[in-house]
2 protein chains.
Amino acid sequence: MNAVATKPPPENDLNERLAHSGLRLTPQRQQVHEVLREKMDHPTADQVFLRAKNKMPEISMATVYNCLDALVKCGMVRQVTLDRGATRFCPNMQDHSHFYCDECGSVYDILQTISPADAGIRLPRGFRLKNIETNLHGLCPDCAAKAK
Amino acid sequence: MNAVATKPPPENDLNERLAHSGLRLTPQRQQVHEVLREKMDHPTADQVFLRAKNKMPEISMATVYNCLDALVKCGMVRQVTLDRGATRFCPNMQDHSHFYCDECGSVYDILQTISPADAGIRLPRGFRLKNIETNLHGLCPDCAAKAK
DNA sequence: TCAAGATTTAGAATTATTCTAAATAGACGG
DNA sequence: CCGTCTATTTAGAATAATTCTAAATCTTGA
Ligand SMILES: [Mn+2]
Ligand SMILES: [Mn+2]
Ligand SMILES: [Zn+2]
Ligand SMILES: [Zn+2]
């Protein structure tokens with residue numbers, strides 16, 4: 001699953017994946033996606049809006065939400081909800097989990113996931129599992145150092 | 001860790017745990033906690049408010065938020081954030097994960113046989129892990145049946 | 001009994017997200 | 001190219017979720 005390198009360059013992917021979901025590739029969707037890939041710090045919709053405005057000053061907040069929803073729907077972006085604050089967005093579609101610093105709120109990709117089997121999870125009859133989300137909570141290196 | 005049965009009855013626990021965090025046991029906190037234990041369907045703050053009002057008509061929304069925060073802080077309640085909607089609350093402090101039905105939004109407790117901490121996540125140097133949260137997404141039995 | 005501090009409360013304020021309706025863009029058939 | 005059709009974008013209003021504020025109330029413990 002990991003050994004065969006048939007993955008097309010991610011940019012083509014965007015076009016195709018949108019099409020596959022009956023969605024068009026628009027400058028705005030492209031821009032929002034680029035913003036996410038540029039700095040993979042899991043920004044909120046609001047932060048995406050501010051960053052996208054630099055290259056595309058006319059873009060609106062509603063469009064950013066629309067684009068993010070489109071990108072999530074077609075599987076190019078993941079939604080990350082970690083606390084009561086705004087939802088964050090992640091363009092890394094590799095299997096990974098998120099480390100959330102309870103102190104400063106920063107989010108890190110952790111390239112390791114727990115399979116349900118490893119976690120000892122057994123679903124009762126009838127449930128249909130689609131995907132698993134693992135969120136690690138604690139202190140980031142900076143905050144851990146300060147805490148000492 | 002699991003074998004020694006020194007756990008006091010959960011109601012005493014509430015008093016003690018609050019005290020341990022420098023918080024008082026108040027009728028409102030008790031009521032909010034009771035509401036959560038009565039129907040463990042992971043209600044939102046709003047739903048907790050409505051249910052609590054039945055026995056305690058003067059309780060306010062602000063108090064419900066305050067109480068929920070207090071209960072979370074002292075470790076009697078878990079916060080569950082699953083999508084862009086309102087945060088949900090869970091009074092089950094056993095090690096378990098949550099199944100979220102993407103179709104109808106219902107949430108189920110899924111018991112784990114192995115603590116995820118033991119499942120072998122390896123963090124880069126410097127990170128201090130406090131706890132792991134596992135969210136399962138898919139279809140609940142009802143929705144899975146309808147989907148066929 | 002009193003002072004200090006914690007908690008509750010109503011309502012205002014803020015933040016996050018969704019909705020609405022009109023304008024625009026772009027694909028497609030002719 | 002032209003006109004039509006539909007998807008998308010847009011501004012702003014509306015709604016939903018949460019937090020804040022300041023005053024009232026309660027509790028605790030000198
Ligand atoms: Mn990520
Ligand atoms: Mn639960
Ligand atoms: Zn941090
Ligand atoms: Zn369902």
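Chain A is the first sequence line, chain B the second, and so forth, proteins listed ahead of strands; every chain is numbered from 1.
For the pair Q28(A) and dT10(D), the criterion of a side-chain N or O lying under 4.0 Å from OP1 or OP2 is met. At least one side-chain nitrogen or oxygen of R84(A) sits closer than 4.0 Å to the OP1 or OP2 atom of dT19(D). At the phosphate of dT8(C), OP1 or OP2 sits under 4.0 Å from a side-chain N or O atom of T26(B). Proximity of T87(B) to the phosphate of dA17(D): no side-chain N or O atom is located under 4.0 Å from OP1 or OP2.
With hydrogens and angles disregarded, a donor-acceptor distance shorter than 3.5 Å links the side chain of Q112(B) to the backbone of S97(B). When atom types are taken as modelled, the side chain of R29(B) and the backbone of L71(B) share no donor-acceptor pair closer than 3.5 angstrom. Between the side chain of E16(A) and the backbone N or O of D13(A) there is no donor-acceptor pair closer than 3.5 Å.
If you check every strand for non-hydrogen atoms under 4.0 Å, T63(B) touches a base.
Side chain of I59(B), nearest nucleotide from dT9(C), dT10(D), dT19(D): dT9(C).
No side-chain heavy atom of R88(B) sits under 4.5 Å from any side-chain heavy atom of H98(B). Within the 4.5 Å cutoff, no side-chain heavy atoms of V35(A) are placed close to those of Q47(A). Side-chain contact between L129(B) and F127(B) is absent, with no heavy atoms from C-beta onward closer than 4.5 Å.
The CZ atom of R29(A) sits 19 Å away from the P atom of dT24(C) (whole-angstrom rounding). Nucleotide dA16(D) holds its C1' atom 15 Å from the CZ atom of R88(B), rounded to whole Å. We find that CE of M61(B) is positioned 11 Å from C1' of dT19(D), with the value rounded to whole Å. The distance between atom CD of Q79(A) and atom P of dT18(C), rounded to the nearest whole Å, is 8 Å. The separation between N66(B) atom CG and dT19(D) atom P is 10 Å, rounded to whole Å. Between the CZ atom of F49(A) and the C1' atom of dA11(D) there is a distance of 11 Å, rounded to whole Å. We find that CD of Q31(A) is positioned 12 Å from P of dT9(D), with the value rounded to whole Å. Atom pair R24(A):CZ and dT24(C):C1' shows a separation of 12 Å (rounding to whole Å applied).
Salt bridge D109(B)/R78(B): absent, no basic N to carboxylate O contact under 4.0 Å.
When each of A62(B) and P27(A) is assigned the nucleotide of DNA chain D with its nearest heavy atom, P27(A) is the one assigned upstream, toward the 5' end. When each of S60(B) and L23(B) is assigned the nucleotide of DNA chain C bearing its nearest heavy atom, the one mapping closer to the 5' terminus is L23(B).
Rounded to 10 degrees, the angle separating the terminal axes of the helix from dT1(C)-dA30(D) to dG30(C)-dC1(D) is 30°, with each axis obtained from five end pairs.
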